[in-house]
Amino acid sequence: MKLAGMWKDAIDGLVRKPVTERYPFVRLDAPPRLRGQLHWDSTECTGCQLCSKDCPADAIEVITIDKKAKQFVFRYHVDRCTFCAQCVVSCNKNCLSMSSDEWELAGLSRGPMTLTFGDEEHVAAVLAQRADPDAEPAGSE
Ligand code: SF4
Ligand code: SF4
């Protein structure tokens, strides 16, 4: 009796469609509420620093280039982020959102895990200053 049951299970297993997905060959849509990579929309940003202050993982830097002109550079350390969404809640200008589509964030080194957003010229100045701390500061944090 037991042997018959085992044979039945074995044959069922051979003909049944696998329950697992063939990721990464088949990529399913993630649930819309999934918290993936953080995005910054600079349009309304006031540089208030609330997002950075409230981040429990020290994953955000807001670098002020020119406060009056509302020019900022936003740095996001993906490798520190816990995807808690506190920054999204803290920003009263709705500048921050978390992508439900960009969630494949693993990497082999930490360098590419820091994303820098802002005007191209400002980003270049901030990165140059980080590479050479004796260089002219790009702004104040
Ligand atoms: S909380 Fe919002 S407005 Fe304030 S610095 Fe962060 S992104 Fe900009
Ligand atoms: S999601 Fe959480 S950990 Fe990630 S940057 Fe925002 S506040 Fe920090």
Side-chain angles (χ1 to χ4, degrees), residues 2-141:
K2 266 188 176 175
L3 201 60
M6 279 170 60
W7 274 111
K8 185 181 176 305
D9 286 348
I11 291 164
D12 281 354
L14 285 174
V15 294
R16 198 183 304 135
K17 189 174 169 275
V19 291
T20 49
E21 302 297 342
R22 295 189 65 239
Y23 178 84
F25 307 107
V26 178
R27 190 179 186 273
L28 297 184
D29 289 337
R33 291 182 65 195
L34 181 132
R35 297 173 189 162
Q37 185 182 305
L38 185 66
H39 281 271
W40 176 63
D41 177 356
S42 64
T43 323
E44 298 292 325
C45 183
T46 60
C48 70
Q49 305 278 348
L50 269 180
C51 52
S52 169
K53 284 179 186 155
D54 287 354
C55 173
D58 198 19
I60 294 175
E61 298 173 65
V62 181
I63 300 153
T64 304
I65 303 294
D66 183 338
K67 186 139 186 146
K68 266 192 181 167
K70 291 192 171 181
Q71 292 175 338
F72 310 100
V73 167
F74 188 92
R75 297 196 94 202
Y76 169 47
H77 300 273
V78 185
D79 54 339
R80 296 183 201 162
C81 182
T82 61
F83 303 93
C84 65
Q86 180 58 57
C87 53
V88 178
V89 174
S90 295
C91 179
N92 53 22
K93 298 289 180 184
N94 294 322
C95 299
L96 299 173
S97 58
M98 303 194 89
S99 166
S100 62
D101 192 46
E102 292 162 272
W103 45 265
E104 290 157 308
L105 304 173
L108 294 174
S109 61
R110 299 189 78 177
M113 296 278 177
T114 298
L115 306 177
T116 308
F117 304 100
D119 279 3
E120 210 174 303
E121 179 194 339
H122 300 149
V123 168
V126 166
L127 294 180
Q129 212 257 322
R130 292 298 164 95
D132 175 9
D134 294 332
E136 188 73 18
S140 53
E141 282 171 48

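Order of appearance sets the numbers: ligands from 1, and atoms from 1 within every ligand.
Taking every non-hydrogen atom of M98 and a distance limit under 4.0 Å, the qualifying atoms of ligand 2 come out as 1 (S). Residue contact check: C95 has heavy atoms under 4.0 Å from atoms 7 (S) of ligand 1.
Using a 4.0 Å cutoff on heavy atoms, S90 does not count as a contact of ligand 1.
What sits closest to atom 8 (Fe) of ligand 1 on the protein, heavy atoms only, is C45 SG, 2.3 Å. Of all protein heavy atoms, the one lying nearest to atom 3 (S) of ligand 1 is T46 N, 3.5 Å. C91 SG, 2.3 Å is the protein heavy atom nearest to atom 2 (Fe) of ligand 1. Nearest non-hydrogen protein atom to atom 4 (Fe) of ligand 1 is C48 SG, 2.3 Å.
Between the side chain of T116 and the main chain of R75, no donor-acceptor pair closer than 3.5 Å is present. In this structure a side-chain-to-backbone donor-acceptor pair under 3.5 Å is present from R80 to D58. With E44 contributing its side chain and C95 its backbone, the two residues share no donor-acceptor pair below 3.5 Å.
With sequence neighbours left out, the side-chain hydrogen bond (donor to acceptor under 3.5 Å, both in side chains) criterion links T43 to D41. In this structure, F72 has no ring pair (Phe, Tyr, Trp, His ring centres under 6.0 Å) partners at least two apart in sequence or on a different chain. A search for salt bridge (charged side-chain N to carboxylate O under 4.0 Å, His left out) contacts involving D79 returns R110, not counting sequence neighbours.
For the atom pair CH2 of W40 and SG of C87, the computed distance is 13.5 Å after rounding to the nearest 0.5 Å. Interatomic distance, R16 CZ to I11 CD1, rounded to the nearest 0.5 Å: 12.0 Å.
Within the sub-2.8 Å shell of atom 2 (Fe) of ligand 2, the protein contributes these N/O/S atoms: C84 SG.
Residue contacts with ligand 2, taken as heavy atom pairs separated by less than 4.0 Å, involve I60 solely via side-chain atoms from C-beta onward. Of the heavy atoms in W40, only side-chain atoms (C-beta onward) come closer than 4.0 Å to ligand 1. Residue-level proximity to ligand 1 for E44 is absent, since no heavy atom of it falls below 4.0 angstrom.
At least one N/O/S atom of C51, from backbone or side chain, sits under 2.8 Å from atom 6 (Fe) of ligand 1.
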Inset, instruction - Start with the C-alpha gap between I65 and D119, add the side-chain angles, then the distance that decides, and say whether side-chain contact (heavy atoms from CB on, under 4.5 Å) holds. - result: CA-CA 10 Å; I65 303 294; D119 279 3; over 6 Å; no

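Classification of R27 and D101 as a salt-bridged pair holds, one side-chain N sitting under 4.0 Å from a carboxylate O.
Inter-residue side-chain proximity for Q49 and T64 is flagged as met; some heavy-atom pair is nearer than 4.5 Å.
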